[in-house]
Amino acid sequence: MLKILFSDRRIWLLSLILALVALLTRRVIPAPVGFSLVIEGGYWITLLLVMMFGRAVWPVIRERWGRTAFGRLEVWVLIGILVVTGVWVAHERPGYKILADELLLSGTAMGMHYERKAAYPVRATDVQGSFQILARMMDKRPLLFPFLTATLHDLTGYRPENAFYLNIGLSMVFLWLVYLIGWRVARNRWGGVFLILLFAGLPLLAQQATGAGFELLNLLLLAGMALLMVYYLEHPDSAGLEALIFGTLLLASTRYESLFFLLPVAIVAFLGWWRGGKVILSWPLICSPVFLAPLLLQNRLFSEQSIIWQMAGQEGVTEPFGLQYCSVNLGHALSYFFDFSGYSTNSPLFAVLGLLAMPFMGLWIARVLRTKGAAGNELAWAMAGLSLFGVTGVYMLYFWGKFDDPIISRLSLPVHLLMALSVVVVGSLVFKTSKGWKILSLVAVGGLLFSSLPVMAKHAYRTIYSPGVEMQMRQTFLDRLPDRNVLIIDNDSFFWILQKMAATPAKQAAARKDALIYHMRNHSFQEMYVVQSLLVDDATGVMTVDPVDDLGPDFELETVSEHRVQTLLFQRISRITAIKDGDKTEVKPKAFIEPEHERRTSEELEKSRVLYMENWIKQLP
């Protein structure tokens, strides 16, 4: 086989293209130029990648569908998936769950929808009637999820909540793929039913299915990658390999660490060549490294700007990965998986079954990889499990890999997929009939009814994450707002910009007090509001404004909304009624005054209007 590899010119051409892409994106192209290329071309490359995957995967789906006998149980499974998704939406209100990740993803989707630029808006206005993005920045997050959200905007019209609807739809597809995995591994349909029920009782999945993050898409593509591995190793051909490779490139375009899966998939590709006794390389596969270019250019943010790693907020952390984090992270993982307080998004039943099965899964993988002539499907499941073990190791070596942190617990979803795969692999060795899987399904139903549903109903895990509570309060205020022609001063200004409203951070507003006075004098906005966090002194009960939200003594504020976020933490929304400028005070005009008869010509009026608009935009804080 090695002789065949070294003599095949296609292998050398593929290696050359891969080396050129790596060299150009990491060494030759300057970082600022590379970032501009991603902003201008990221949408179009992602569109082409999605089209290539669709072209490759459709023949695979058509052939697999034709060879699979679907029966009455599958109808009930589809109904069950709709019921499960409905229960999740009933208990988890769609909204932004993890900040600021989800807001920035939605902002990038807005940029892709309006301008086909892979960047989120930093400054925007609607002074000329239509919403215009005045300044933008590239995000560090890969582009697939924003692209899919932007496509939903293209098809249905721009709505910030489209990201929530997208994840609800993805959750249904994921549960169907989970059913197929359980069915294929256990060689029994009830193995798939059991896996659906197991994931149905995971509050973390319900949370992500109703948010605007990319975790559900990443999980769905991981499940799809495993199934495509099975298809390819059972029938090594060009169609199966193209679907697997382009599907993995989509996976790498979803989350940062998902680039890791390119390595095990490359090994699977080689195993398929070895089993078939020939090299399978089509022209789309030879050119596929080009789709890595945006990812490699984006990842330069982590080396060009060390702040991107967010290590400053972690005491004693000087490097993002290291063996010193492993023991600590393992402790936090166990704390998360076996938290019975109701303040966690975990499922103890899932954890017990999964962690018991994982050691046996490791032994099974070792046995399969040592067996000569192992069946293609067994080899595929072993490689899928090995790759999930690998990414679990990456999380354990990560400085912020503490699963019991409300922000980080979402990283455990690939680990949950590993646990689920481990359970059905071990179960397939134990249960030879449907009876065992039916019993496990009843156990999963019991866990859902007696543990998971009460936890989801109480929403306790949601209340301990204060940014999420504050964001929901902003949404409530927005829903009651009679007129959106307002300026919001808020350090989480992205939320308002996504709603196509004028917004600016507090520090910027305080620095541009003259601009706010200008707009107040010229009736630019119906109102100006400021959103602030209030900290309560537990000794005196005195509430003080968080320094990062303080506009200073020159702003006179009138409270319009004030609610408790957590113990000793409140959120206040106030109306700006006046702004002091030295000895003068600019008070918000009460009403418009009837103007005198206009003496300017139409040409003079048009010139005045253009000059005013130019100055208006310059005065934006």
Side-chain angles (χ1 to χ4, degrees), residues 22 26 98 101 140-142 204 214-215 218-219 222 225 248 251-252 254-268 295-296 298-339 344-346 350-352 354-370 382-422:
R26 304 300 295 180
I98 303 297
D101 297 53
K140 62 182 179 179
R141 294 159 187 85
L204 175 63
F214 47 25
E215 312 301 337
N218 189 68
L219 197 61
L222 279 173
M225 180 194 72
T248 309
L251 174 62
T254 303
R255 276 195 61 89
Y256 334 95
E257 73 278 3
S258 293
L259 267 170
F260 164 82
F261 292 102
L262 291 171
L263 177 60
V265 166
I267 295 173
V268 168
L295 300 171
L296 297 175
Q298 265 186 298
N299 281 340
R300 291 182 69 176
L301 277 173
F302 291 94
S303 57
E304 297 290 329
Q305 304 176 26
S306 59
I307 193 174
I308 294 293
W309 284 106
Q310 298 176 291
M311 291 186 289
Q314 306 290 319
E315 186 177 352
V317 173
T318 57
E319 53 185 351
F321 295 96
L323 289 172
Q324 66 271 27
Y325 307 128
C326 187
S327 59
V328 175
N329 287 340
L330 284 171
H332 283 281
L334 291 174
S335 174
Y336 169 73
F337 288 131
F338 294 105
D339 187 340
S344 178
T345 54
N346 68 322
F350 207 137
V352 169
L355 293 178
L356 283 175
M358 280 174 64
F360 297 102
M361 177 69 171
L363 294 174
W364 181 82
I365 291 173
R367 180 180 66 80
V368 170
L369 294 180
R370 286 200 311 265
M383 287 303 300
L386 191 62
S387 63
L388 290 171
F389 269 115
V391 81
T392 301
V394 171
Y395 292 143
M396 292 300 100
L397 297 175
Y398 179 43
F399 80 94
W400 207 353
K402 303 175 180 64
F403 286 173
D404 55 356
D405 187 318
I407 301 178
I408 302 301
S409 57
R410 59 204 165 103
L411 296 186
S412 70
L413 284 173
V415 184
H416 279 97
L417 184 59
L418 171 61
M419 291 193 291
L421 184 59
S422 300

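Keep in mind that the numbers below use all heavy atoms, side chains included, and drop hydrogens, waters and symmetry copies.
Between Leu259 and Asn299 there is a side-chain heavy-atom pair separated by less than 4.5 Å. Counting heavy atoms from C-beta on, the side chains of Leu355 and Leu334 come closer than 4.5 Å. Within the 4.5 Å cutoff, the side chain of Asp101 has heavy atoms near those of the Arg410 side chain. Thr254 is not listed as a side-chain neighbour of Pro142, based on a closest heavy-atom distance of 4.5 Å or more. Proximity of Tyr336 to Ser344: side-chain heavy atoms (C-beta onward) are separated by under 4.5 Å at one or more points. Using a 4.5 Å heavy-atom threshold, the side chains of Asn218 and Leu413 count as separate. Using a 4.5 Å heavy-atom cutoff, the side chains of Leu388 and Leu417 are in contact. Proximity of Leu369 to Leu386: side-chain heavy atoms (C-beta onward) are separated by under 4.5 Å at one or more points.
Note that CE of Met358 is 12.0 Å distant from CG of Leu363, once rounded to the nearest 0.5 Å. Here the straight-line distance linking atom OG of Ser412 with atom CG of Leu418 works out to 11.5 Å at 0.5 Å rounding. Rounded to the nearest 0.5 Å, atoms CG (Asp405) and NE2 (His332) are 9.0 Å apart. Ser409 contributes atom OG, which lies 6.0 Å from atom CD1 of Ile98 (distance to the nearest 0.5 angstrom). Here the CE-CZ distance, from Met361 to Phe389, works out to 6.5 Å after rounding to the nearest 0.5 Å.
When ring centroids are compared, Phe321 and Tyr398 come within the 6.0 Å threshold.
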Can you list the steps and then say if Asn329 with Phe403 is a side-chain contact (heavy atoms from CB on, under 4.5 Å)?
CA-CA 7 Å; Asn329 287 340; Phe403 286 173; over 6 Å; no
- Item | Working for side-chain contact (heavy atoms from CB on, under 4.5 Å), residues Phe399 and Glu319 | CA-CA 8 Å; Phe399 80 94; Glu319 53 185 351; over 6 Å; no
One pair to check against side-chain contact (heavy atoms from CB on, under 4.5 Å): Glu215 and Arg255. What are the steps and the verdict? CA-CA 8 Å; Glu215 312 301 337; Arg255 276 195 61 89; 2.8 Å; yes
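Between the side chain of Gln298 and the backbone N or O of Arg141, at least one donor-acceptor pair lies under 3.5 Å. In this structure, the side chain of Ser335 does not engage the main chain of Gly331 through any donor-acceptor pair within 3.5 Å.
What you find for Gly385 and Ile365 is that their closest heavy atoms are C-CD1, 3.8 Å.
For Phe260, the CZ atom is densely surrounded, since the number of other residues' heavy atoms within 6.0 Å is greater than 12. Atom CG of Leu323 has 12 or fewer neighbouring heavy atoms from other residues, nucleotides or ligands inside a 6.0 Å radius.
With 3.5 Å as the limit, one finds a donor-acceptor pair spanning the side chains of Glu257 and Tyr395.
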